[in-house]
2 protein chains.
Amino acid sequence: MDKSVRETSLAGRLKTACAQCSLRELCLPVGLNQDEVARLDRLVGARRKVLRQQPLYRAGDPFEALYAIRVGFFKTDVLNEDGRNQVTGFQMAGEILGMDGISSEMHSCNAIALEDSEVCVIPFDQLESLGRDIGALQHNLHQVLSREIVRDHGVMMLLGTMRAEERLAAFLLNISQRFTVRGFSHAEFHLRMTREEIGCYLGLKLETVSRAFSKFQDEKLISVQQRRIRILDSAGLKKALERRSG
Amino acid sequence: MDKSVRETSLAGRLKTACAQCSLRELCLPVGLNQDEVARLDRLVGARRKVLRQQPLYRAGDPFEALYAIRVGFFKTDVLNEDGRNQVTGFQMAGEILGMDGISSEMHSCNAIALEDSEVCVIPFDQLESLGRDIGALQHNLHQVLSREIVRDHGVMMLLGTMRAEERLAAFLLNISQRFTVRGFSHAEFHLRMTREEIGCYLGLKLETVSRAFSKFQDEKLISVQQRRIRILDSAGLKKALERRSG
DNA sequence: CGTATCCTTGATTCGCTTCAACATTAGTGG
DNA sequence: CCACTAATGTTGAAGCGAATCAAGGATACG
């Protein structure tokens, strides 16, 4: 009992407890009461720092935990036998990494930090165990997993049906929207990834991505200075998303 | 107590109980003991028949249950505002449908039967509840959700990096493999979907799909008679999957 | 037997990739 | 601090693969 008190105060000292975390409402604790958050907190044993360009985990690593991003920016990608590479997503603070590993006890993709980052390590067997006690936590986990499935469907739509410029517009609006939710400017941000990584996500070559950026700039939809992006005409970008031909 | 006996015998009469189901090992009951399977069985209230071309659910429908396919064949697709359509998957017996609905209490895609089908209806709140009692069931659910995420990554790889013929080869090998697991011939099967639906899944136009079929037939990799497919050279098909250029 | 749906094949067009050259920025060591 | 180098980004020209447009053939169904 006083062990729990000690741990809570330790967490408080590090300012890393879920209860104090600004990302609480985006993350697993959403909707839990104070006591439940405290129990989740005790479970989140360690925070882990991951330096830029370093992997949080790699395909083939044994699956042990989910990771909640506290600060930073990641990409996930899959590599197949013949060297093909596909970026499956870019993840920012408050989002959960590692769900690919649950099905086979082994990670099937790589998670690479695109800037110096920090994650909360959530041992999965303990999370399942606590989920059996706390229905709301269990349901949150299910929602996080399902949300990822729905997001993936959106990426399939993008890759399967959209033109290059439509893909980039969708990408920019998505990034912008997610920054907004996190309290950052929706109009100005800097991309953490290279043109090649964007292309690899959007199913395009880096030259095509670069051309699309230039086109949008010519059309005064955005201004681009390397990775510094300013959205000048968000309605125009949304229009660029719409299918041109009938 | 005798209520459970009565229900078990009822289930036995209908030959639809999980315990008797040939798909047990592919489905949610995998790894559960007899008693646990019986409890899951009691939860699976109704079986539901879905006629060819009819929806099991539609985007926007309230989410209430997951569905385990007993017999039949489905496609799932998403439709966006400007009329674009993307088939996100084809599902066969033993696979689970409906996971897209968990995140928002509402389905985000359509599930359409491609032949007369039957599903087990698994009310989701009850499944969560039983999962809190039966750790193995809870874990199975998590694995099913994660497997879907990993599958989606494979589709992204396909859509993002592969050429038309590579996509079709991957598709055929995937279908073949899943039929094999279910005890059907890996070499001969008939497709339940049109060329257009295949194209819509693979991010190609139906003419391109048709041409790729013809090409494979010319190369003696497969024989095609409408939807009747015979794989003549599975190793050759796997080769067609490999990137041609360096 | 007639009609609608689905499929195949050919010719042409278009969008993205490929190849290439160069510009810019970031990082490193003298 | 600057020179040097590697990494990243931009832009142009040519080539190629899939889409589009079009016509005809096969199959299923009432």
Side-chain angles (χ1 to χ4, degrees), chain A residues 51-53 75 84-87 112 114-116 158-169 171-172 190-219 222-229 240 243-246, chain B residues 51-53 75 83-87 112 114-116 158-172 190-219 222-229 240 243-246:
Chain A
L51 293 179
R52 186 175 132 83
Q53 303 293 13
K75 71 167 176 180
R84 268 186 261 249
N85 179 249
Q86 174 71 30
V87 171
I112 312 286
L114 295 183
E115 59 181 25
D116 293 353
L158 183 142
L159 292 171
T161 74
M162 292 187 183
R163 303 197 172 301
E165 286 169 31
E166 295 167 342
R167 295 184 199 188
L168 188 67
F171 168 75
L172 289 173
H190 105 261
L191 300 171
R192 271 72 170 181
M193 68 296 279
T194 66
R195 299 290 189 261
E196 176 157 29
E197 286 165 330
I198 296 172
C200 201
Y201 175 61
L202 298 179
L204 301 169
K205 293 295 158 187
L206 67 95
E207 296 95 327
T208 306
V209 173
S210 181
R211 277 184 245 271
F213 269 123
S214 299
K215 180 95 181 300
F216 285 160
Q217 188 162 40
D218 290 350
E219 295 172 343
I222 62 175
S223 85
V224 186
Q225 256 179 314
Q226 301 287 123
R227 302 192 186 177
R228 193 99 237 152
I229 304 290
R243 168 186 249 93
R244 310 221 173 262
S245 59
Chain B
L51 293 179
R52 186 175 133 83
Q53 303 294 12
K75 72 168 177 180
R84 269 186 260 251
N85 179 249
Q86 174 71 30
V87 171
I112 312 285
L114 295 183
E115 59 182 27
D116 292 353
L158 182 143
L159 292 171
T161 73
M162 293 186 181
R163 304 200 170 298
E165 286 168 32
E166 295 167 342
R167 294 184 199 188
L168 187 67
F171 168 75
L172 289 172
H190 105 260
L191 300 171
R192 272 72 171 181
M193 68 296 280
T194 67
R195 301 288 189 261
E196 176 156 29
E197 285 165 330
I198 296 172
C200 201
Y201 175 61
L202 299 178
L204 302 169
K205 292 294 158 186
L206 68 96
E207 295 95 327
T208 306
V209 173
S210 181
R211 278 183 244 272
F213 270 122
S214 299
K215 179 97 180 300
F216 285 160
Q217 187 162 40
D218 290 350
E219 294 172 344
I222 62 176
S223 87
V224 186
Q225 257 179 313
Q226 301 287 121
R227 303 191 185 178
R228 192 99 237 151
I229 305 290
R243 166 185 251 95
R244 311 223 171 260
S245 60

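Just so you know, these numbers use all the heavy atoms, side chains as well, and skip hydrogens, waters and symmetry mates. By convention in this document, chain letters (A, B, ...) are assigned in the order of the sequence lines, proteins followed by strands, and residues within each chain are numbered from 1.
- Mapped onto DNA chain C by nearest heavy atom, A:Met162 and B:Gln53 fall at different nucleotides, with B:Gln53 at the one closer to the 5' end.
- When heavy atoms are screened at a 4.0 angstrom cut-off, B:Gly199 is found touching no nucleic acid atom at all.
- One atom, CD1 of B:Ile229, and another, P of C:dT8, lie 9 Å apart when rounded to the nearest Å.
- Taking atom CZ of residue B:Arg52 and atom P of nucleotide C:dT5, one finds them 13 Å apart after rounding to whole Å.
- Separating the CD1 atom of A:Ile198 from the C1' atom of D:dG9 is a distance of 11 Å, rounded to the nearest angstrom.
- One atom, CZ of A:Phe213, and another, P of C:dT24, lie 19 Å apart when rounded to the nearest Å.
- Contact annotation for B:Arg211: base contact, defined as any heavy-atom pair under 4.0 Å involving a base atom.
- Rounded to a whole Å, the CE atom of B:Met193 is 16 Å from the C1' atom of C:dC7.
- In this structure a side-chain-to-backbone donor-acceptor pair under 3.5 Å is missing from B:Glu196 to B:Lys205.
- Residue B:Gln226 places its side chain closer to C:dC7 than to any other of C:dC7, D:dT8, D:dA18.
- Two residues are said to be in side-chain contact when any heavy atoms from C-beta on lie closer than 4.5 Å; B:Leu159 and B:Arg167 meet this criterion.
- The nearest heavy atom of DNA chain C to A:Val209 and to A:Gln225 marks one nucleotide each, and the one closer to the 5' end goes with A:Val209.
- For the pair B:Leu202 CG and D:dA19 C1', the interatomic distance rounds to 15 Å; values are reported in whole Å.
- Among the nucleotides D:dT20, C:dT17, D:dG9, the one closest to any side-chain atom of A:Lys205 is C:dT17.
- Side-chain contact check for A:Phe213 versus A:Leu172: some heavy-atom pair is nearer than 4.5 Å.
- A:Arg227 comes within contact range of the sugar-phosphate backbone alone, with a heavy-atom separation under 4.0 Å but no base atom that close.
- Using a 4.0 Å heavy-atom criterion, one finds that B:Leu206 contacts the bases of the nucleic acid, with or without backbone contacts as well.
- The neighbour count for B:Gln217 CD, taken as heavy atoms of other residues, nucleotides or ligands under 6.0 Å away, is above 12.
- In this structure, of C:dT9, D:dA18, C:dC7, it is D:dA18 that holds the atom nearest to the side chain of B:Thr208.
- Whole-Å rounding puts the A:Phe216 CZ to D:dG9 C1' distance at 17 Å.
- Among the protein residues, A:Glu207 comes within range of the nucleic acid bases, having at least one heavy atom under 4.0 Å from a base atom.
- With D:dA18, D:dG9, C:dC16 as the choices, the nucleotide that has an atom nearest any side-chain atom of A:Ser210 turns out to be D:dG9.
- Atom CD of A:Glu207 has more than 12 neighbouring heavy atoms from other residues, nucleotides or ligands inside a 6.0 Å radius.
- Atom pair B:His190:NE2 and C:dC7:P shows a separation of 11 Å (rounding to whole Å applied).
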